[in-house]
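Heads up: the structure comes next, in structure tokens.
Values reported hereafter were calculated over all heavy atoms of this structure, with side chains retained and with hydrogens, waters and symmetry mates removed. Fair warning: this is a prediction, and the values are worked out from it, not measured in the lab. Residue numbering restarts at 1 for every chain, and letters A, B, ... go by the order of the sequence lines.
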Amino acid sequence: MKLPREFYTREETLQIARELIGKLLVVPMADGTIVSGMIVETEAYLGAIDKAAHSFGNRRTKRTETMFAVGGTAYVFFIYGMYYQFNVVVGAVDSPHAILIRALEPIQNIEIMREKRGKMPDKNLTSGPGKLCIAMGIDKNFNNADLLGDKIWLEDYKVFDDSEIAVGKRIGIDYAEEFAEKEWRFWAKENPYVSRR
DNA sequence: CAAGTGATTAGC
DNA sequence: CTAATCACTTGC
């Protein structure tokens, strides 16, 4: 069952980032085959106040426009010349918060992910934000997609207790000064698919 | 550990 | 218009 709009439109971005751990990310392939993975790692980006967010200070450009959409929209962007990143927009319209999905545990049709990723140990299929987009076939065509539509969506899968979720600093945002220290990253403790390094 | 890769952005 | 930057990955 798809998560309802109300799950996404709340303003408690950090709480939503934590609740996303254990949800299932589902993407149907061109031939209708379902590929899915359980979210095991997320990072929250708190829009206007967060120096690490693209939408810091409500900066509105062609790229960040998607972050201002209603909660439950996909924000996909291209980075480092080769990788896509998949984010979930949360909050109301014009409240540019988003949650980066950093890692998944493969659930359905793992062999399709193996195919897309090339020769890789299973542990490396989806254990990072760029990797999981390749494994799931997520690209710029998914930017601005509605997570209540048929292209890509999230479902309930497994419930994690707070004691099973670890909290820490976000990765790769050293330029964000005091916001680089914020512990806005969440992951499933002891899960082998959490990103390393 | 370092380089690759090109869209995006800010600054002329 | 130009140049710098980047929410990363892989193979040396």
Check the surroundings of atom NZ in A:K123: do more than 12 heavy atoms from other residues, nucleotides or ligands lie under 6.0 Å from it?
-> no
Can you tell me how far C1' of C:dA7 sits from NZ of A:K169, to the nearest Å?
-> 16 Å
Between atom NE2 in A:H54 and atom P in C:dC6, what is the gap in whole Å?
-> 10 Å
Hey, does A:L100 reach any base, or is it just sugar-phosphate, or nothing, if we go heavy atoms under 4.0 Å?
-> base
Just need the stems in DNA chain B: three or more back-to-back Watson-Crick or G-U pairs, each with both distances under 3.5 angstrom, sorted by first number.
-> B:1-4 with C:8-11, B:6-11 with C:1-6
What is the distance, rounded to the nearest whole Å, between atom CG of A:N124 and atom P of C:dG11?
-> 10 Å
A:K123 atom NZ is separated from C:dT9 atom C1', nearest whole Å, by 18 Å
Identify whether any heavy atom of A:R170 sits under 4.0 Å from a base atom; if not, whether one sits that close to sugar-phosphate; answer base, sugar-phosphate or nothing.
-> nothing
Would you mind checking if A:E155 and A:K23 are paired as a salt bridge, meaning a charged N to carboxylate O distance below 4.0 Å?
-> no
Are A:Y75 and A:F77 close enough that their ring centers fall under 6.0 Å?
-> yes
Could you tell me whether A:K189 and A:D161 make a salt bridge, using a distance below 4.0 angstrom between a side-chain N and a carboxylate O?
-> no
Rounded to whole angstrom units, what separation is found between the OH atom of A:Y175 and the C1' atom of C:dC6?
-> 8 Å
Round to a whole Å and report the spacing from NZ of A:K119 to P of C:dG11.
-> 12 Å
Interatomic spacing from CZ in A:R59 to CE in A:M67 - rounded to 0.5 Å = 10.0 Å
Answer yes or no: does atom CD of A:E190 have more than 12 heavy-atom neighbours from other residues, nucleotides or ligands under 6.0 Å?
-> no
A:D174 has an atom CG; how far is it from atom P of C:dT5, in whole Å?
-> 14 Å
Could you check whether A:E43 gets within reach of a base, just the sugar-phosphate, or nothing at all, counting any heavy atom under 4.0 Å?
-> nothing
Looking only at heavy atoms, what is the nearest atom pair of A:V194 and A:E41, with distance?
-> CG1-OE1, 3.3 Å
Just by protein heavy atoms under 4.0 Å, how would nucleotides 3-12 of chain B read 5' to 3' in B, S and -?
-> -BBBSSSS--
Under a 4.5 Å side-chain heavy-atom rule over Ile, Leu, Val, Met, Phe, Trp and Tyr, are A:I101 and A:I173 clustered together?
-> no
Cluster check A:V88, A:F186: I/L/V/M/F/W/Y, side chain < 4.5 angstrom | no
Distance, rounded to the nearest Å, where A:Y84 contributes OH and C:dC8 contributes P | 16 Å
